[in-house]
Amino acid sequence: MSAIPVSGDRVHALLVDGTTVCVRPAGPGDHDAVLRLYTGMSDANLRRRFFTLSRRSAELAAARVTRPADSGYHALVAEHGGRIIGIAEYQKDARASGDSAEIALAVSDGRHRRGVGTLLLEHLVSAARARGIRTFTADALADNHDVLKVFADLGLRAVRQFDGPEVHCLIPLDDTEDYRVSVEGRGRAADVASLTPLLRPESVVVVGAGRSPGSVGRAVLRNLRTGRFPGRLFAVNPKAATTCGVHAYPSLAALPLVPDLAVIAVPAAEVAEAAKECGTLGVRALLVVSGGLDAAQATALLAACRNHDMRLVGPNCLGLANTEEAVRLDATFAAAHPEPGTAGVAVQCGGVGIALLGGLERLGIGVSSFVSLGDKYDVSGNDLLQWWESDGRTGLALLHLESFGNPRAFSRTARRVTRRMPILTVDAGRTEAGRRAAASHTAAAATTTMTRRALFTQAGITATRTVPELLEAAALLHAQPLPPGSRVAVVTNAGGAGVLAADACAEAGLTLPALPPHLVDDLLRVLPRAATAGNPVDTTAAVSEEQLRACLDRLAADDAVDAVLVALVPTAVAAATGDVLVRSLTHAPDRRSRTTGAILLDQETPVRLLPTDTGQIPAYADPQAAARALAHAAERARWLARPPGTVPELDDVDTDRARAVVAAHLEHHPDGGWLDPRTCAELLGCYGIPQVPWAWAESEDEAVLAADRLKGPGGQVVLKAHWPGLVHKTTEHAVRLDLRGDAQVRAAYRDFELRFGHVMSGAVVQPLAPRGIELFAGVVQDEVFGPLVLFGLGGTASEVLADQAARLAPLTDHDVHDLITAPRCAPLLFGLDAPGPVDLAGLEQVLLRLSRMASDLPQLAEADLNPVLALRDRVTALDARVRLLPRDAHDPYLRRLR
């Protein structure tokens with residue numbers, strides 16, 4: 001995949017009608033264009049903007065907007081088609097301590113009510129927050145309904161004060177959930193509108209529809225034609241009059257109309273020029289199946305799409321399809337047309353896409369739409385989730401994503417969409433080594449696999465290890481209701497098959513409870529005399545169709561179990577052949593409400609759907625496959641049963657002081673690095689993270705004085721040597737424990753000086769902590785996914801046992817609970833086989849405050865609290881390390897295209 005360069009100043013984003021605009025800071029070279037925008041406004045709009053009809057106001061405003069930047073003023077412009085169509089600006093109010101700014105907004109005539117002003121304000125809000133501005137003010141005329149509506153609908157708490165013909169607006173810039181939801185709603189509407197030419201085009205052209213049978217463009221054109229696409233269909237081929245029965249034109253310019261969608265299947269060197277021609281013509285969407293683009297060709301392709309307002313799928317992809325009856329679009333070069341249905345499929349790898357389409361076809365699960373994302377220069381999995389959410393057809397989403405452009409935006413979208421439909425993915429790339437550039441335990445523990453799993457878990461996505469496992473889970477989620485819990489009853493006509501099913505369930509994390517006496521008696525009354533009604537329920541090989549049906553009816557009607565797995569083998573006993581027994585599953589009364597799956601050990605296909613009187617039942621050849629699918633369904637049910645989490649409010653947090661600490665450190669250390677103990681403690685103190693009392697000593701005399709002041713009830717202290725860059729004190733033998741009296745403290749300090757004197761800058765003195773459970777808590781800033789919070793067993797055993805769990809920040813109340821209960825050491829915290837329980841509320845606070853610190857400070861590369869001492873009455877960090885890197889703030893929820 002070719003790299004796509006990203007500019008931090010220029011971003012592209014979508015208006016509500018799907019139009020792409022460029023948002024960027026204004027500059028001196030924009031003066032004439034800005035003035036044209038103002039002078040082109042009607043008298044009514046000019047009066048609403050400047051409160052006067054004087055053209056002199058427009059000249060002064062243009063000069064102000066395009067003056068050289070300063071710290072108190074910021075102006076953004078929106079461009080479309082090379083013209084400036086909107087301006088948003090703020091000027092700091094010197095009377096309001098620098099945290100308030102007055103804003104102004106202008107949109108060119110003919111561009112109103114398309115979201116230009118709202119989009120500019122969103123970007124202005126993000127820029128202002130990064131510069132410490134907390135409030136916007138604005139003055140408007142009372143009859144300027146458009147701008148007042150923009151302020152009211154922004155999602156921030158706008159307060160109005162009327163003063164005659166004018167309105168004074170006060171807009172706090174609080175980063176609230178309401179604001180994020182409003183931004184997401186606007187983004188979703190814009191995204192769906194922009195994808196309509198891609199997935200519901202009324203006309204399509206294939207550029208590069210060759211005549212040779214092996215031509216990819218010819219294969220796409222053939223699929224479009226044989227798939228009965230109802231719109232206008234064209235081909236571009238300068239060497240042929242027709243291709244696949246479709247009239248071919250010598251060039252794009254020769255087409256009789258401008259198509260909505262262009263499929264580009266030309267050599268890599270010609271792709272960018274073809275895209276530019278499409279954009280000049282007015283095409284709204286591109287599907288590039290060509291591959292092999294180098295970096296320059298990739299840059300030119302994306303630039304053509306952005307400059308000419310086109311969405312792009314690909315390059316290097318299999319194509320896309322939409323099976324809606326009114327659309328019937330198959331713009332792929334797959335061997336067969338996808339059948340219509342309710343499964344939305346998005347993949348990066350075309351081969352995986354073919355496998356998924358084939359697997360769904362074998363199951364009889366049709367497809368609503370299919371998109372092969374390829375190298376994913378533009379359209380992503382996030383875009384497709386929003387499309388499926390709104391298309392009125394999709395009920396099951398299947399994803400294969402090898403990369404994430406904006407994981408936090410993807411996570412928020414997935415959390416919303418998965419409450420309406422299951423989202424399943426293949427967790428690709430699990431064995432890649434994690435990024436271990438830093439030497440701390442946090443960075444070493446945070447692997448790519450752990451980060452992706454945290455994303456999937458928090459977003460409610462069903463993550464599978466393989467394509468077959470994804471299809472197994474999809475079959476059950478498509479055909480059966482979700483189980484209310486993880487209690488499973490196994491029913492079998494062969495004891496060995498029941499044992500295999502029971503083992504598979506236990507290994508998948510499901511439980512096989514003992515059945516209550518009333519249910520046991522009920523089952524034994526309807527089963528053969530030799531049957532047993534434990535769990536598994538062994539019906540014996542002599543069971544008849546009627547007896548097995550009665551057994552399943554009773555299990556399905558009882559609240560003692562949440563799901564039923566039926567493991568059957570064919571026998572020659574009585575009339576109960578395999579097919580006859582399967583009828584007891586498929587001919588079921590309406591009252592069977594329990595999740596039901598079958599295990600047919602003689603089945604040739606790994607999974608299939610058996611038609612029933614009221615629906616379908618998935619049948620698996622392997623007990624483990626059935627148990628895995630059922631476990632995925634149970635996990636989804638648990639996730640849905642919980643209300644959406646909220647990020648708790650924290651007291652005693654001083655974000656401004658923390659940012660000042662970070663800025664001061666980076667000013668003296670431009671390349672970043674590990675904080676010294678004093679700066680580290682100050683930063684943690686800004687977030688109220690509890691630390692053991694300590695003192696800094698630069699001589700043995702200072703160490704002795706500190707030890708006298710800090711020694712615990714037994715008189716013992718701890719001495720830790722420090723020098724810049726020191727990370728693993730224990731490995732370097734830079735820690736001395738249980739020191740008593742002045743002599744031992746002096747001896748320990750002298751030993752440090754003897755061994756580390758050439759680098760040592762001082763030592764930390766602490767009281768010896770009491771015995772308790774040693775834990776580990778940390779944060780690492782992932783370049784793609786953002787801050788990841790880790791938690792697990794700490795102390796010297798943490799790296800050996802590798803007992804950690806992880807969640808992406810910001811942590812909600814549910815996330816922090818899951819984080820504490822996920823590691824294997826969790827029972828110790830709740831008092832099982834230990835003196836506990838520990839201070840769980842205090843532990844949650846430590847993790848939430850770490851999460852807040854990482855979310856506030858993008859410069860926080862990693863933080864490592866190890867050990868964290870957990871006692872009954874308190875939780876305290878005994879040792880802490882923090883590393884900073886020079887990084888700019890990045891708003892992950894700001895609307896922008898890649």
Side-chain angles (χ1 to χ4, degrees), residues 436-445 665 668-669 671-684 691-712 714-771 774-778 793-801 861-869 876-885:
R436 300 172 184 270
S440 82
H441 177 77
T442 306
H665 178 83
H668 292 90
H669 304 86
D671 295 330
W674 295 98
L675 299 184
D676 62 78
R678 287 170 289 189
T679 308
C680 180
E682 183 180 5
L683 186 60
L684 296 182
Q691 305 166 70
V692 68
W694 66 281
W696 176 251
E698 296 185 4
S699 68
E700 63 180 84
D701 289 337
E702 290 182 4
V704 167
L705 290 174
D708 287 340
R709 187 172 71 253
L710 294 172
K711 61 187 177 183
Q716 307 102 309
V717 296
V718 176
L719 200 64
K720 302 176 180 179
H722 177 78
W723 60 86
L726 174 62
V727 178
H728 293 288
K729 298 183 182 70
T730 303
T731 303
E732 298 288 343
H733 303 289
V735 179
R736 294 291 298 274
L737 304 173
D738 201 16
L739 300 176
R740 297 171 183 267
D742 295 356
Q744 290 189 5
V745 172
R746 289 184 183 279
Y749 196 94
R750 289 172 185 170
D751 174 62
F752 287 163
E753 283 188 316
L754 181 64
R755 291 187 292 122
F756 311 126
H758 60 295
V759 293
M760 190 175 83
S761 54
V764 172
V765 184
Q766 296 175 336
L768 184 67
R771 295 179 62 86
E774 292 189 349
L775 302 169
F776 153 76
L793 197 62
T796 56
S798 59
E799 294 184 22
V800 177
L801 298 179
E862 54 187 301
D864 192 1
L865 309 184
N866 187 22
V868 174
L869 183 68
T876 309
L878 302 186
D879 198 29
R881 289 161 292 186
V882 172
R883 185 167 68 97
L884 301 180
L885 287 176

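Of the inter-residue distances, the one linking W674 atom CH2 with E862 atom CD reads 3.5 Å to the nearest 0.5 angstrom. Taken to the nearest 0.5 Å, the CG atom of L793 stands 9.0 Å off from the CG atom of N866. R678 CZ to L683 CG: the interatomic distance, rounded to the nearest 0.5 Å, is 15.5 Å. A distance of 8.0 Å separates CG of L865 from SG of C680, quoted to the nearest 0.5 Å.
A 4.5 Å side-chain heavy-atom check between P724 and D676 finds every atom pair outside the cut-off. By the 4.5 Å heavy-atom criterion applied to side chains, R736 and D751 are counted as neighbours. A heavy-atom distance below 4.5 Å is found between the side chains of L719 and V765.
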Output, in order, the C-alpha distance, side-chain angles, deciding distance and verdict of side-chain contact (heavy atoms from CB on, under 4.5 Å) for D701 and R746. CA-CA 8 Å; D701 289 337; R746 289 184 183 279; 2.8 Å; yes

Working for side-chain contact (heavy atoms from CB on, under 4.5 Å), residues D708 and D742: CA-CA 8 Å; D708 287 340; D742 295 356; 3.3 Å; yes

W696 vs V764, side-chain contact (heavy atoms from CB on, under 4.5 Å): CA-CA, chis, key distance, verdict: CA-CA 5 Å; W696 176 251; V764 172; 4.0 Å; yes

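Under the side-chain contact (heavy atoms from CB on, under 4.5 Å) criterion, L869 pairs with A769, P770, L871, L878, not counting sequence neighbours. The ring pair (Phe, Tyr, Trp, His ring centres under 6.0 Å) check on W694 picks up nothing, with sequence neighbours excluded.
The aromatic rings of F756 and F752 sit tilted relative to each other, their planes meeting at an angle between 30° and 60°.
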